[in-house]
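Worksheet: the structure to be examined is printed underneath.
Predicted, not measured: the structure shown is a model, and the values here were computed from it. Order of appearance sets the numbers: ligands from 1, and atoms from 1 within every ligand.
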Amino acid sequence: MNVLKRCLYGFSIVSLASMNIQCKSDKKVEETTTEAKATAVVTIEKSAYGTTPKGEKIDSYKLKNQKGMEVDIITYGGIISSLKVPNKAGKSEEVVLGFNSLEQYMKPNPYFGALIGRYGNRIAKGKFTLDGKEYALAINNDPNALHGGPEGFHRVVWTAEEAKSGDNASLKLKYVSKDLEEGYPGNLTVFVTYTLNNDNSLDVVYEATTDKKTVVNLTQHSYFNLSSDFSKPILDHEITIDADKLVPVAATLIPTGKLTDVTNTPFDFRKPKKVGLAIEAKDEQLKNGLGYDHCWVLNNQDKGDRFAASAYDAGSGRLLEVYTDQPGIQFYSGNFLDGTLPMRNGGTYARRTGFCLETQHYPDSPNQKDFPTTVLNPGENYKTKTSFKFSVK
Ligand code: BGC
């Protein structure tokens, strides 16, 4: 209601004197609202994105700050469908691989932008045992289980709640995974909160509780290409990973159980190094992963939230820094992209046109007694945080 209408309304019900007060106070309300809008540093806007064949309505939320960063998140899979950040000339451009329709996201694809759960990465032969009881998961990455199963958390519909606090805007997503859904025990209530601040940082906070002992390892599966030119491979990106050790894998990408030193191997990213520099080197681990598809053992695990990894593209000047409280990070160089998936504006995503930096526990932890535990008990709160911080240099 504008001020004039409110004043007329006031006239019909109160005396002239009180109407005067009413008008004044309404004016104040309106000024405050306009002021609040003008100072809303990070905005969040909802729009309809599509409808699944089952009739579920999918929404998209755009979080936008005043520094040129924009993130679009859809309630299907909690997928980051778009992420725009400025280059060194101040031009905001797309930096994540994605599609332009819900229909395309619903077709099989390698987890573009999606939330991954209940267990990120592989569980050997899809089996694990808790308190003497063996649980069997679907084998969706022969002979192993990958990323929580065929539907996992990436092909389900999340409910969403918007929140504002200070200079930030958040989207809090919720999903309840039922007991034995995808084979995992316990009803698991999961919250994932995406928060954009005005410092070009996107925080992802994962929370979960269970009513039965289970395993949990949640992560985010965005494929980045900081050049914004998705026809180019990411081989020129300079990667840094703050890790002295690697989780080596055998032929089916299941950890051998040992942790090895990265010194003098293609896996030493302690100083910035181009992805392409050693990716074709003769190396058993590179052969097993068809390139980089490994979990690094992050340093300073006792320090909680800390620097984990970065990626820099000199052409655009974009720098992405990843901070986390997780023990590991999976650096995946997009080796399985094969030119079959459509880009947003024509063309297809070729091999290695995107990379992932998935903060998480080590693969197959439920079967590896020496790895940090991924078990969650009733009464415990699973809570982890990862930040993706963008800048230019
Ligand atoms: C895994 C890869 C897999 C990719 C897409 C990554 O997290 O490490 O092996 O191919 O996800 O499924």
Can you confirm if the NZ or CZ of K393 lies within 45° of the ring axis of Y312 and under 6.0 Å from the centre of its six-membered ring?
yes
Which word best sums up how the rings of F267 and W296 line up, parallel for under 30°, tilted for 30 to 60°, or perpendicular for over 60°?
tilted
Between D179 and K212 (salt bridge meaning N to carboxylate O under 4.0 Å), is one present in this structure?
yes
Do Y223 and F355 have their ring centres less than 6.0 Å from each other?
no
Between ligand 1 and the protein, tabulate every N or O atom pair separated by less than 3.5 Å, reporting distance only.
residue, atom, partner, partner atom, Å
ligand 1, 7 (O), H147, NE2, 3.0
ligand 1, 7 (O), H221, NE2, 3.0
ligand 1, 7 (O), E358, OE1, 2.7
ligand 1, 7 (O), E358, OE2, 3.0
ligand 1, 8 (O), N121, ND2, 3.3
ligand 1, 8 (O), D293, OD1, 2.5
ligand 1, 8 (O), Q330, NE2, 3.2
ligand 1, 9 (O), R122, NH1, 3.1
ligand 1, 9 (O), R122, NH2, 2.7
ligand 1, 9 (O), D293, OD1, 3.3
ligand 1, 9 (O), D293, OD2, 2.4
ligand 1, 11 (O), H147, NE2, 3.1
ligand 1, 11 (O), H221, NE2, 2.8

Return yes if some donor-acceptor pair links the side-chain N/O of T52 with the main-chain N/O of E56 below 3.5 Å, else return no.
yes
Apply side-chain contact (heavy atoms from CB on, under 4.5 Å) to residues V249 and Q285 and explain how you reach the verdict.
CA-CA 7 Å; V249 289; Q285 283 305 312; 3.4 Å; yes
